Amino acid sequence: MERMDMRNTPAQGGIVVGLDLGTTKVSAVVGEVDADGITILGVGNVPCRGLRKGVVSNIDQTVRSIREAVDAAQTMAGVEIDTVYVGVAGSHIRCQVSDGVCAISGREVTHTDLERVLEGARAIPVDADRMILHALPREYVVDNQDGIHDPIGMSGVRLQVRVNLVTAATSCIQNVVRCVERCELDVADIVLEPLASADAVLSEDEKEIGVAVIDIGGGTTDLLLFADGGIAHTSVIPAGGNNITLDVAAGLRTPVAEAERLKRNYGCALGRMIADEEEIEVPGVGGHSPRRVARRLLSDIIEPRVEEIFGEARRRIEETGMLEQVSSGCVLTGGAALMEGMVECAQEILGMPVRLGFPVGVKGIFQLVQGPQYATGVGLVRYGAIQLGEQAQKRQERHGSEPAKQAMEAAAGAKGTRIWEWVRAAF
Ligand SMILES: Nc1ncnc2c1ncn2[C@@H]1O[C@H](COP(=O)(O)OP(=O)(O)OP(=O)(O)O)[C@@H](O)[C@H]1O
Ligand SMILES: [Mg+2]
């Protein structure tokens, strides 16, 4: 009951729930935000077949999976869930640059000024069937000084911002919201999934000096670039782990479920990492008996698809002209990143250092969200925590209250650094 009360007074912390609607699974992650940071209280993971490439294709199946995942998470956490931060992805997501400008209302830049200038940057015509998800600041200009990432507290009369506007197809978002609302849950906010994943796995240093995040999920591969201290590009490659599974099923003539198992247990993205004599047993389809094949054959099927995905990621990074700026390299998240040889293969194709990204900066039963496939769910909770902090900050600007300060510190403590500073720059 105590927790429920806290949720109603977010200035003192609260419960934040992230809902990751993936192509293969729905995960609900419950976190408690307080002065010590974020504590994971409960997690619910349920397989889901209601989405295709990030877009709802079957409302009933999606609703059922959301219900199951949220039920499991709330039972584990011992709290009642009524509001969620929902992640979205898919090829319908687009990114464009926009500028905003406003007069600084007092002597120095406040949160309210930031809100106004971002509002200005959002005020551009977008297609009737699209909506703006995020205005991600790339840089601020105060009077004539440019290249500013955190203008709060700076003196001046004129504030400008250049943002990346992330837009989405309204109907796709409406379908996601409809599914969540059919579960009697309120949507606190809609968040671009790779933004959430990146926040969960990146260090402050990586964001500062430039990094690429590649989230290889079941249906899609999401790319996000940090350069010049802000988010510089985001796009979606319409292929992921499920394509690899289907390639294996066709190539080895085995049922899809078996192909998935073989991929997870023996798959490798680089054929030359496998000794010639290694063999695996492949179950047949339609009554054909199982046969033994070289494990190398499995990776020969997998490798071209993985190369295709990383090749496309490289092409897109080059297209943005930011290959040089992504100095700290690439971080892989998403379930498909778990396959043997993925890091090595990415390293070769992208020509930069590559590491696996595991969610960091949370306490509690974090073992349950330790895989790269949970980066999105954890990132959504972190996003929600930061919003609590920002709401508190705004209240503090208006009333100067002590609890607001505590909530700010809580959000900051989530990663041992002032993460919300980054969020001011990122979201
Ligand atoms: N150990 C493993 N080896 C290889 N692939 C794996 C492994 N574990 C999971 N995967 C693959 O990861 C994919 C699922 O990843 P993830 O859970 O990140 O996707 P999702 O969030 O449901 O989908 P999306 O983000 O595309 O909407 C599946 O294709 C699955 O086969
Ligand atoms: Mg995903």
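Every heavy atom of this structure was used, including side-chain atoms; hydrogens, water molecules and symmetry mates were not. Counting starts at 1 for both ligands and their atoms, in listed order. Note that the coordinates shown come from a computational prediction; the quantities given were computed from them, not determined experimentally.
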Asp199 versus Arg382, closest heavy-atom pair with distance = OD2-NE, 3.0 Å
For atom 17 (O) of ligand 1, grab the closest protein heavy atom and report residue, atom and distance to one decimal in Å.
-> Lys25 NZ, 2.7 Å
Min over Leu246, Thr221, Thr24, Leu51 of heavy-atom distance to atom 20 (P) of ligand 1 lands on Thr24
of all protein heavy atoms, closest to atom 26 (O) of ligand 1 is Gly219 N, 2.8 Å
Tell me, which protein residue and heavy-atom name are nearest atom 24 (P) of ligand 1, and how many Å apart are they?
-> Thr23 OG1, 3.4 Å
Distance (rounded to the nearest 0.5 Å) between Leu298 CG and Tyr266 OH | 10.0 Å
Distance-only polar pair, side chains of Asp129 and Thr170, donor-acceptor under 3.5 Å = no
When you check the side-chain N and O atoms of Gln370 and Tyr374, is any donor under 3.5 Å from an acceptor?
-> no
Ligand 1 to Leu338, heavy atom cutoff 4.0 Å, flagged ligand atoms 1 (N), 2 (C), 8 (N)
Thinking salt bridges, do Glu119 and Arg116 make one under a 4.0 Å N-O criterion?
-> no
For ligand 1, which atoms sit closer than 4.0 Å to a heavy atom of Asn242?
-> 29 (O)
Please state whether Gly267 comes within less than 4.0 angstrom of ligand 1, counting heavy atoms only.
-> no
Considering Glu260, Glu193, Lys263, which one's heavy-atom position lies nearest to atom 5 (N) of ligand 1?
-> Lys263
Assess whether atom CD of Glu184 is packed by more than 12 heavy atoms of other residues, nucleotides or ligands within 6.0 Å.
-> no
How close does the nearest protein non-hydrogen atom get to atom 6 (C) of ligand 1, and which residue and atom is it?
-> Gly335 O, 3.4 Å
Among protein heavy atoms, which sits nearest to atom 25 (O) of ligand 1, and what does the distance come to when rounded to 0.1 Å?
-> Gly217 CA, 3.7 Å
Numbered atoms of ligand 1 (with element) below 4.0 Å of Gly241, judged on heavy atoms | 29 (O)
For Glu206, all residues meeting salt bridge (charged side-chain N to carboxylate O under 4.0 Å, His left out), sequence neighbours excluded = Arg355
In ligand 1, which numbered atoms sit nearer than 4.0 Å to a non-hydrogen atom of Gly334?
-> 18 (O)
